[in-house]
There are 2 protein chains.
Amino acid sequence: MPDPTRSPTWTALEAERKAWNALHLRDLFRRDTRRFDRFHLLLDAEGDALLLDYSKNLIRPQTLKLLLRLVREAHVEAFRDAMFAGEAINLTEGRAVLHTALRNRSDRPVVVEGRDVMPEVRAVLARMRVFTDRVRTGKWKGHTRKPITDVVNLGIGGSDLGPAMACQALRPYGGNIRVHFVSNVDPSHLHDTLEDLNPATTLFVVASKTFTTQETLLNAQAARAWLLHSTRDEKAIAKHFVAVSTNAEAVRAFGIDPVNMFGFWDWVGGRYSLWSAIGLPIALYVGMDAFEELLAGAFDMDEHFRHAPLDANMPVILAVLGLWYNNFWDAQAWAVLPYEQHLARFPAYLQQLDMESNGKGVMRDGKPVQVSSGPIVFGEPGTNGQHAFYQLIHQGTKLIPCDFLAGRESHNDIIGEHGGMHAVLLANFLAQTEALMRGKTAKEVETELAATGMPEREVQALIPHKVFPGNRPTNSLIYRRLTPRTLGRLIALYEHKVFVQGALWGVNSYDQWGVELGKQLARIILPELTGQTKTGTHDASTTGLIGHLRGG
Amino acid sequence: MPDPTRSPTWTALEAERKAWNALHLRDLFRRDTRRFDRFHLLLDAEGDALLLDYSKNLIRPQTLKLLLRLVREAHVEAFRDAMFAGEAINLTEGRAVLHTALRNRSDRPVVVEGRDVMPEVRAVLARMRVFTDRVRTGKWKGHTRKPITDVVNLGIGGSDLGPAMACQALRPYGGNIRVHFVSNVDPSHLHDTLEDLNPATTLFVVASKTFTTQETLLNAQAARAWLLHSTRDEKAIAKHFVAVSTNAEAVRAFGIDPVNMFGFWDWVGGRYSLWSAIGLPIALYVGMDAFEELLAGAFDMDEHFRHAPLDANMPVILAVLGLWYNNFWDAQAWAVLPYEQHLARFPAYLQQLDMESNGKGVMRDGKPVQVSSGPIVFGEPGTNGQHAFYQLIHQGTKLIPCDFLAGRESHNDIIGEHGGMHAVLLANFLAQTEALMRGKTAKEVETELAATGMPEREVQALIPHKVFPGNRPTNSLIYRRLTPRTLGRLIALYEHKVFVQGALWGVNSYDQWGVELGKQLARIILPELTGQTKTGTHDASTTGLIGHLRGG
């Protein structure tokens, strides 16, 4: 792979970065009243508008031009088309990357190795509809003929974060069935969840592609024991367990009727799988119509990503801005700040999506990446974060680019004496992006403090502590309302952003070899820890810790 | 303040960092079989042992010696003693910093401005005991003479994260009363929480020092309206609302009986306040005995921090290691990885504690900090994180030092066919620290792949993707079991770590001016957004967003 840092464009961007040492966004906004017009995008202006305002970024027209030149030079468009066309772009695993087929709402075929996968995709969706309808209407009965009240998803990573995040996000669309998520092998996770549940009305969804994921299988076995402890009849398993997997044999051996196994395909990566049958808990919670709306939202974004010109392409714009800070401003992190309590787990979802995809040290051809690749992703909902970690974003020494997300409307506004709470939420979001951009000068602080009658000496001592440098970049994403369709668009937007960045860095965003070594070593350590085998050869630290944990 | 980077010690550390370019932990462990003995600490070995293993860090004895020299040169010990002695070390606000007085379990007085504060501290604890006992035993009755079943804490930032984190952590000690936390001004947060509650059996704790925090007051007003909607009697307020505040007038005006107001003091910072009456929801949940155990745990750590020599002082060791990576290895972030589902919110708690304390750009004397200050804190429980973002930690381009936390015992182990799940959890924790430290060489990968019979060409192509560089630093903190006492120790450990780092960087860890500007601007924007005032002078972005949100 060509080293992007050797291109003249990269060099020009380094110069552009230096030029920015003398620029401040405050001044650029003052000088250019059209800056907002220039640097915002609107998807679907007539309907369910999604607005991306990226004008509060450390860019000017020439910056963006250079960044988009990088995209062209890396042939990202051709690579994008290869992904949509089903080519095996996940080359270390020899697989296509086709989560977009799962939400292809057109009648276009998607061909993988000579075969259109769409009929299979539609068949699974149809089976999901029949099944979720039965459970939601009470036609599916438990072992004692009672309808299901609670669904527990047993899955981890991609089989957990997506469905868990989406169910929380779509709470206003939830039906009568409660959904719970158990991922951790820490037994407290399952213990606490089952404490309030009734085996007679609980349905477990075991989500593991291979049906061998250690955490998920241990939780599934423990859940089965819990069920059997109350029913004492193995036949109950088929009424209280379904599987999302491709390993029919293991599923059957567990006691699940393979009729109740929902499959997916090796071209669906774990962290891109909520669009597949892995989304079953979402569909059980909000119903299949809403689940298909979620798919439709993602399809909106797929179409936009495929067809919008680069300079009007939301995923592309977000991607190059992220690269700009990551590679030219030494920004290691990226904060996701949803002003929407229901998106509380969206940052954790994006954390996996991004860090597992682009947290790579080698390029697709095996050469080391020459630049810093994927960012560290974190975030909490606003306004909570304002009272926690925003201090560092405003006045700390590290530059943290932030994405703010907010909806024009709330599902649950509460109107009090002073108006609606949702407006207060939005005012806070706007004020934060304004504050981060413009900051507060020593002069402004001085005027303000002097007006309070504070003695001059105290004023002078306090000024530097109350100065805000500003010039801190933010994106603002505004949707109408957090509907299933909106959520689908947001997720797909970030999926494609990650795709573009991966293409720019030249990494394979679709493998995850970095999770293997720990698993391998854990298999060796487990019997040593439980005393089944003698402690083998480890470093002194690991040996010491094993000894301590064994009570030595 | 002296610029630490100009000291010879700093220069020597820069040289030490360069020396590390030729070192790998794998080799150091091989060469030094006593490395674990050398680099671990044990608190309270006889009782409830807390082990800190820091041997898997990028240090050798001379590294640590230099780092501890920095501590001495910055007079951190004298500064620590000044904090414990009640001096006004929060100099921009002219206040003492005395959260340690709240958990002073000795009979030593703590004097602030000539007055021993301990009698007041004990008096509030005694009132908390009476009150929580009454609620927990059902003697406190609601307006319709029913006992309380649910407590809703209304607070944000320090009035939320600490109690919420602690209640989750201490779930095995929880009584019959359910506790809920509403922080966000997003109305969905309160709406969702109240949906399942009964006003007749719900008690609200309004936690706001000044009783003016916007989010908290709006939530409190909405909660009051919800209560009155069902009772239609203002007298009900006194039975269903209590306050943690110092503003008696505002509390009374709200309708709360000042007898049910629990106070604290201006020497308790928000993010250090869970030890005060802000911890009321914790005490309501686990009872006052367990709450005092939490205090006792923090006191254990206070005593250790005050008396242990620097090279055997846990907070000091953690602090200098963090500084080492932050300032010499360009590590901007720090990951907190509890192998304990009940500590799921511990990273979010530490995120506030650390980022709000040390996310500062100026030193105590107002001069700019010359080095990078506080880190970006993030984390999720293991093993969940292994299936999400660990990929980047193992193979990404950014160095992320990690703290692993785990307990020797679980409260809820589940024993299956293959043994206990808790052992699997621990094996995973150990394996991760081992993998991060030693990595996997190209040679090892090659041997492994060749053994599978893979064609040589494929092996060679795959090797670089499966190599783990290793040499990635971790701390391991092992406690016996997550008791209230253990939790108190862990929190205080990190509080003091943050203190030491703040002292080393020369910042004031106890103010948070960076939260002010956003609040100020939000007050201006709110009436513009709701159309009460015309849109004023903003940058084009903020104006454009206001227009879009107003539906323009």
Side-chain angles (χ1 to χ4, degrees), chain A residues 29 35-36 55 92 156-157 184-189 191 222 332-333 341 351-352 355-356 359 361-362 366 372-373 376 378 387-389 391-392 394-397 412 414 421 423-425 427-428 430-432 434-435 464-466 512-514 517-518 521-522 525-526 530 539-542 544, chain B residues 29 35-36 55 92 156-157 184-189 191 222 332-333 341 351-352 355-356 359 361-362 366 372-373 376 378 387-389 391-392 394-397 412 414 421 423-425 427-428 430-432 434-435 464-466 512-514 517-518 521-522 525-526 530 539-542 544:
Chain A
F29 269 107
R35 196 173 158 88
F36 174 72
S55 64
T92 65
I156 193 164
N184 204 333
V185 78
D186 178 347
S188 290
H189 206 183
H191 169 272
Q332 295 187 4
Q341 185 63 28
Q351 193 172 58
Q352 176 187 27
M355 294 175 73
E356 196 162 78
V362 295
S372 196
S373 56
I376 296 159
F378 76 103
H387 296 260
F389 56 86
Q391 165 68 41
L392 189 148
H394 281 287
Q395 292 190 314
T397 55
N412 305 307
I414 298 176
M421 287 173 70
V424 178
L425 178 73
N428 272 281
L430 291 168
Q432 290 298 324
E434 189 180 32
H465 298 275
K466 298 194 76 167
Q512 55 282 322
W513 300 110
L517 179 57
L521 299 181
I525 292 173
L526 179 59
T530 56
D539 58 89
S541 165
T542 304
Chain B
F29 269 106
R35 196 175 158 85
F36 174 72
S55 64
T92 66
I156 193 164
N184 203 333
V185 77
D186 178 347
S188 290
H189 205 183
H191 170 272
Q332 295 186 5
Q341 186 63 29
Q351 194 172 56
Q352 176 187 25
M355 294 175 73
E356 196 162 78
V362 295
S372 196
S373 56
I376 297 159
F378 76 103
H387 295 260
F389 56 86
Q391 165 68 42
L392 189 148
H394 281 287
Q395 292 190 316
T397 54
N412 305 306
I414 298 176
M421 286 174 70
V424 178
L425 178 73
N428 272 282
L430 291 168
Q432 289 297 326
E434 188 181 32
H465 299 276
K466 298 193 79 167
Q512 54 283 319
W513 301 109
L517 180 56
L521 299 181
I525 292 173
L526 179 58
T530 55
D539 58 273
S541 164
T542 304

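The chains referred to below are lettered A, B, ... by the order of the sequence lines, with proteins before strands, and numbering in each begins at 1. Treat the numbers as computed from the prediction; the structure is a model and nothing was measured.
- For the set His191(B), Arg35(B), His465(B), the entry with the most heavy-atom pairs within less than 4.5 Å of chain A is His465(B).
- Of all the listed residues (Ser188(A), Gly361(A), Gly544(A), Ala423(A)), the one sharing the greatest number of non-hydrogen pairs under 4.5 Å with chain B is Ser188(A).
- Contact count against chain B (heavy-atom pairs under 4.5 Å) is highest for Pro187(A) among Ala431(A), Pro187(A), Gly396(A), Gly157(A).
- Comparing Thr530(A), Ile525(A), Leu517(A) by how many heavy-atom pairs each has under 4.5 Å with chain B, the most go to Leu517(A).
- Among all heavy-atom pairs drawn from Ser373(A) and Thr397(B), the shortest one is N-OG1, 2.9 Å.
- In terms of heavy atoms, Met421(A) sits closest to Ala222(B) at SD-CB, 4.3 Å.
- Proximity to chain B (any heavy atom under 4.5 Å) is restricted, for Ser55(A), to the side chain, taken from C-beta onward.
- Proximity of a side-chain donor or acceptor of Gln395(B) to a complementary backbone N or O of Gly514(A) within less than 3.5 Å is detected.
- Among the candidates Asn428(B), Ile414(B), Asp539(B), Val362(B), the residue making the largest number of heavy-atom pairs closer than 4.5 Å to chain A is Asp539(B).
- The greatest number of non-hydrogen atom pairs below 4.5 Å with chain B, out of His387(A), Gln432(A), Gln512(A), is found for His387(A).
- Exactly one of Glu356(A), Met355(A), Gln351(A) qualifies for a side-chain contact (heavy atoms from CB on, under 4.5 Å) with Leu392(B). That residue is Met355(A).
- Chosen from Asp186(A), Val424(A), Asn184(A), the residue pairing most often with chain B at heavy-atom distances under 4.5 Å is Asn184(A).
- Counting heavy atoms from C-beta on, the side chains of Gln332(B) and Ile376(A) never come closer than 4.5 Å.
- In this structure, chain A has heavy atoms under 4.5 Å from both the backbone and the side chain of Thr92(B).
- With a 4.5 angstrom heavy-atom cutoff, His394(B) touches chain A only via side-chain atoms.
- Both the backbone and the side chain of Ser541(A) have a heavy atom closer than 4.5 Å to some heavy atom of chain B.
- Annotation: maximal heavy-atom pairing with chain A below 4.5 Å, among Ala435(B), Ala522(B), Ala388(B), occurs at Ala388(B).
- Looking at Gln341(B), its side chain never comes within 3.5 Å of a backbone N or O of His189(A) through a donor-acceptor pair.
- Interface remark: Phe36(B) contributes backbone and side-chain atoms alike to the contact with chain A (heavy atom separation under 4.5 Å).
- Scanning both residues, Trp513(B) and Gln391(A), for their nearest heavy atoms gives N-OE1, 3.6 Å.
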